[in-house]
Number of protein chains: 2
Amino acid sequence: MSSEKSCIVRHFNYFHPVSDEDRELLAQLEDSATPVRAGTILWEEQDEAAEFSTLKAGWAFSYRNLENGSRQILDIYLPGDIIGLREFAFSQRLAGVQMIEDGEICFFPHRNLVNIFHRSFTLTSILFAVASRQQVMLTERLVNLARRNARQKLAHFLLEMCQRLKQTHGNGCESFRLPLSQEVLADLLGLSTVHVSRTFTALSDDGLVFRDRYNVKIPDLEALKQEAGFDDRYLIENMRPLFNGAKA
Amino acid sequence: MSSEKSCIVRHFNYFHPVSDEDRELLAQLEDSATPVRAGTILWEEQDEAAEFSTLKAGWAFSYRNLENGSRQILDIYLPGDIIGLREFAFSQRLAGVQMIEDGEICFFPHRNLVNIFHRSFTLTSILFAVASRQQVMLTERLVNLARRNARQKLAHFLLEMCQRLKQTHGNGCESFRLPLSQEVLADLLGLSTVHVSRTFTALSDDGLVFRDRYNVKIPDLEALKQEAGFDDRYLIENMRPLFNGAKA
DNA sequence: CGTGGGGTTGATACTCCTCAACCCCAGTGG
DNA sequence: CCACTGGGGTTGAGGAGTATCAACCCCACG
C-alpha cells in the first residue's frame with residue numbers, strides 16, 4: 001500500500017475502494033513520477049493547460065499574482081492531492097503552482113481523464129467527489145478570508161491543516177510539522193507578514209498556539225476550535241450512501 | 001430552444017452541443033419544474049443533501065451563517081445555473097440557498113447523476129466542466145475578497161455579473177438589471193452595508209458606476225475594468241479542444 | 001397617514017497595513 | 001575560526017481603510 005504503483009490510487013482509496021481493474025487503468029493513463037526540487041514552479045498563470053498532476057511526495061501551493069504586486073495563495077497541496085483539476089474546462093492555467101519542498105509528481109493529461117469517463121464509472125464518481133471536496137474547501141477558505149479577523153484566520157488555517165494531515169498521514173494535532181514561512185502564511189491569509197508574526201505571538205501569549213520554526217503545537221484543540229469558529233464537517237466527506245443506492 | 005423541456009440542457013449547450021439522446025436522458029432523470037417565491041429557502045446548512053437543482057427562472061444565492069452572526073454569500077445563481085454540485089461528496093448541505101426573486105427550479109437526485117456517469121460520456125464531461133467553471137469562479141471571488149479594497153471588490157463583482165449576464169442572456173454591460181440590495185452586496189463582498197453605500201457614491205462621483213434602484217450603468221467599461229483589475233478570462237472557458245482530441 | 005425597508009451621512013473606534021529598525025541564525029568564503 | 005551576508009522573524013510608530021453606532025431621508029405600501 002505504501003509503495004503503490006499509481007500516484008493517485010492512494011488518494012482515491014480514501015473516498016472509495018478501487019478495484020484492481022481500475023487500478024490498472026489509472027496506472028496506464030498516468031505518466032511516471034518525476035522528482036522536483038523545492039521552489040520549482042510546475043506551471044505559471046496563462047501556461048497552456050492540458051494536464052493535471054498528482055503529488056506523490058512533498059508539499060506544493062497554487063497562487064495568483066495580482067496587478068498590484070501582491071500574491072494570493074489559493075491552496076496548499078499535500079502528498080496524494082490532485083493539482084490542476086480546476087482548469088479542466090479551460091485551455092489556460094488560471095493559477096501558478098510551486099513546490100514548497102522537494103517531492104515527486106505525476107502528470108495526467110486531460111484527455112486521459114476523458115478516457116476514465118468512458119471506461120470506469122467508479123473512478124468517474126471518485127473524481128467528481130474529489131472536485132466536490134476541493135470546491136467545499138475553497139468555500140470554507142473564502143468564508144475564512146472574508147469574515148474573520150487575523151487571529152481567527154490563522155487559527156482556522158492551522159486547524160484545517162492538522163485535520164488534513166491527520167486524515168491522510170495519521171499525525172495528531174497536538175504537534176505537527178508545517179513547513180510554511182510567515183510570508184507564505186501571509187499570502188495565504190490575506191495578511192501582511194508583520195501581522196502574521198504579531199498574531200502568532202498573541203496566540204502564544206494566550207497559550208493557544210506555539211510555533212517554533214516549522215513545528216506547531218496546539219495544547220488545547222477545543223479551545224482553538226472555539227476561537228476560530230472551526231467546524232470540521234467540511235473536511236469529512238462521505239460518498240458511500242451514493243454508491244449504495246445507485247448501482248441499479 | 002427557449003421552451004426547452006429540460007431545465008439543464010440550455011446551460012449544457014453552452015459548453016458543448018447536446019445530442020437528442022442525451023437530451024432525452026436528462027429530461028428523464030430530472031424532476032419537473034416547480035415554481036418558488038422570492039425569499040424561499042430551498043435548503044439550509046446541515047439539511048440532508050441528496051439532490052442538486054437547476055434554476056429554470058429567477059435568481060438565487062447560497063450562503064453560510066457564521067458563529068458571530070454575520071452571513072457570507074457564496075454564489076449568485078442565474079437562470080440556467082446548477083445549484084448544489086458542491087455537496088456531491090457530502091451527505092449534508094454545507095451552505096443554505098435562498099431565492100432572490102420568484103422563479104422555477106428542477107431537482108435532480110445525486111443518484112441520477114451517477115446514472116449519467118454510466119450512460120453518457122458527453123454529459124459527464126460537461127458536468128465536470130461545470131464543476132470546473134464553478135471552482136474557477138470561486139477562486140476568483142476568493143482573490144477578490146482577500147486582496148482588493150472595497151472599491152475594487154464592488155467594481156469587480158459588477159463586472160463579473162454583467163459578463164455572466166451577457167454570456168447567458170445577451171444583455172450588454174452598459175446598463176443592466178441587478179436585483180440585489182446593498183445588504184446582499186455587503187454580505188457578498190465582506191463589507192458593511194454602510195460602506196457599500198459609500199463606495200457606490202464614490203464610484204458614482206468618479207463617473208464609473210451609476211446605480212438607481214436595481215439598474216446599474218457602466219458608461220466606460222474599460223475604465224472600470226482597469227480600476228478593478230478585472231480580467232474576464234476566468235469566465236471564458238473552452239473545453240472543445242478536449243473533445244476534439246479524445247474521441248479515439 | 002403611519003410604517004418599515006432600504007439607503008445616506010456623520011462621528012468615532014478598531015483592525016490591520018506600511019515603513020523602518022533591529023535581531024537571530026545558518027551558510028559561505030577568507 | 002571568524003566575519004560577512006541574507007533570509008526569516010520581531011517590535012515600534014504612524015496611518016489607511018473599514019466597522020459600528022446613530023440619526024435621518026425617501027418612498028412604496030397597507
Side-chain angles (χ1 to χ4, degrees), chain A residues 38-39 61 66 68-73 98 100-101 144-158 177-206 209-217 227-229, chain B residues 38-39 61 66-73 98 100-101 144-158 177-206 209-216 227-229:
Chain A
F61 65 89
L66 299 224
N68 60 25
S70 65
R71 174 179 75 164
Q72 178 63 37
I73 293 181
Q98 184 172 2
I100 293 172
E101 302 186 290
N144 200 31
L145 286 167
R147 290 285 159 196
R148 300 200 235 256
N149 61 28
R151 204 178 153 87
Q152 293 182 301
K153 283 182 187 178
L154 185 52
H156 193 280
F157 173 71
L158 294 174
R177 205 176 87 86
L178 186 79
L180 306 178
S181 67
Q182 291 191 358
E183 187 182 358
V184 167
L185 290 170
D187 287 353
L188 192 58
L189 300 175
L191 300 169
S192 65
T193 60
V194 172
H195 206 62
V196 169
S197 172
R198 285 193 226 275
T199 306
F200 264 122
T201 60
L203 286 173
S204 170
D205 288 350
D206 297 348
V209 173
F210 298 98
R211 175 181 189 259
D212 178 34
R213 306 207 139 255
Y214 290 158
N215 284 313
V216 175
K217 285 198 211 311
E227 176 82 31
Chain B
F61 65 88
L66 297 225
E67 325 73 64
N68 60 24
S70 66
R71 174 180 73 165
Q72 178 62 37
I73 293 181
Q98 184 173 3
I100 293 171
E101 303 185 291
N144 200 33
L145 285 167
R147 290 286 159 192
R148 298 198 235 257
N149 61 26
R151 205 178 153 88
Q152 292 182 302
K153 284 182 187 177
L154 185 51
H156 193 281
F157 173 72
L158 294 175
R177 204 176 88 88
L178 186 79
L180 307 178
S181 67
Q182 292 192 356
E183 187 182 358
V184 167
L185 290 170
D187 287 352
L188 191 58
L189 299 174
L191 299 169
S192 65
T193 60
V194 173
H195 206 62
V196 168
S197 171
R198 285 194 227 273
T199 306
F200 264 123
T201 61
L203 286 173
S204 168
D205 288 349
D206 297 346
V209 173
F210 299 97
R211 174 178 189 261
D212 178 33
R213 308 209 133 254
Y214 289 158
N215 284 312
V216 175
E227 176 83 30

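Order of the sequence lines fixes the chain letters, A, B, ..., with proteins taken first and strands second; residue numbering starts at 1 for each chain. Keep in mind that the numbers below use all heavy atoms, side chains included, and drop hydrogens, waters and symmetry copies.
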Phosphate contact (C:dT8 OP1 or OP2) by B:Gln182 side-chain N/O below 4.0 Å: yes
Which residue lies toward the 5' end of DNA chain C, A:Ala150 or B:Leu180, if each is placed at its nearest nucleotide? B:Leu180
If I compare all heavy atoms of A:Ala186 with all of A:Ser192, which pair ends up nearest, and what's the gap? CB-C, 3.7 Å
D:dG17 C1' sits how many Å from B:Lys153 NZ, rounded? 10 Å
Among all residues two or more places apart in sequence or in another chain, which pass the side chain to side chain contact (heavy atoms under 4.5 Å, CB included) test with A:Ala150? A:Leu191, A:His195, A:Thr199
Among B:Lys153, B:Arg151, B:Arg148, salt bridge (Lys or Arg N to Asp or Glu O under 4.0 Å) partner for B:Glu227: B:Arg151
How many whole angstroms separate atom CG of A:Asn68 from atom C1' of C:dC17? 13 Å
Below 3.5 Å between N/O atoms, which protein atoms pair up with nucleotides 24-30 of chain D? Just atom names and distances, please.
none

To the nearest angstrom, how far is B:Leu189 atom CG from D:dG17 atom P? 17 Å
Nearest 0.5 angstrom please: A:Leu185 CG to A:Arg211 CZ, how far? 6.0 Å
Which atom pair, heavy atoms only, marks the closest approach of A:Leu66 to B:Arg147? CD1-CB, 3.6 Å
Interatomic distance where OH belongs to A:Tyr214 and C1' belongs to C:dA26 [whole Å]: 13 Å
Passing option when B:Asp187 is tested against B:Gln72, B:Arg71, B:Gln182 for side chain to side chain donor-acceptor pair (under 3.5 Å): B:Arg71
Below 3.5 Å between N/O atoms, which protein atoms pair up with nucleotides 19-22 of chain D? Just atom names and distances, please.
| from | atom 1 | to | atom 2 | distance (Å) |
| --- | --- | --- | --- | --- |
| D:dA19 | OP1 | B:Gly190 | O | 3.4 |
| D:dA19 | OP1 | B:Ser192 | N | 3.1 |
| D:dA19 | OP2 | B:Ser192 | N | 3.1 |
| D:dA19 | OP2 | B:Ser192 | OG | 2.9 |
| D:dT20 | O4 | B:Arg198 | NH2 | 3.3 |

What is the distance from CD of A:Glu183 to P of D:dG6, rounded to the nearest Å? 17 Å
Atom CZ of A:Arg148 and atom P of D:dT18 are separated, to the nearest Å, by 20 Å
Which whole-number value in Å describes the distance from A:Arg147 CZ to D:dT18 P? 13 Å
Nearest atoms (heavy-atom pairs only) where A:Asn144 meets A:Phe157: ND2-N, 4.4 Å
Side-chain N or O of B:Arg151 less than 4.0 angstrom from OP1 or OP2 on D:dT18? no
How close or far is atom P of C:dG6 from atom CZ of B:Arg211, stated in whole angstroms? 11 Å
What heavy-atom pair brings A:Val209 and A:Val216 nearest, and what distance separates the two atoms? CG1-CG1, 4.1 Å
Quick check for you: to the nearest 0.5 Å, what is the distance between A:Ile73 atom CD1 and A:Ile100 atom CD1? 7.0 Å
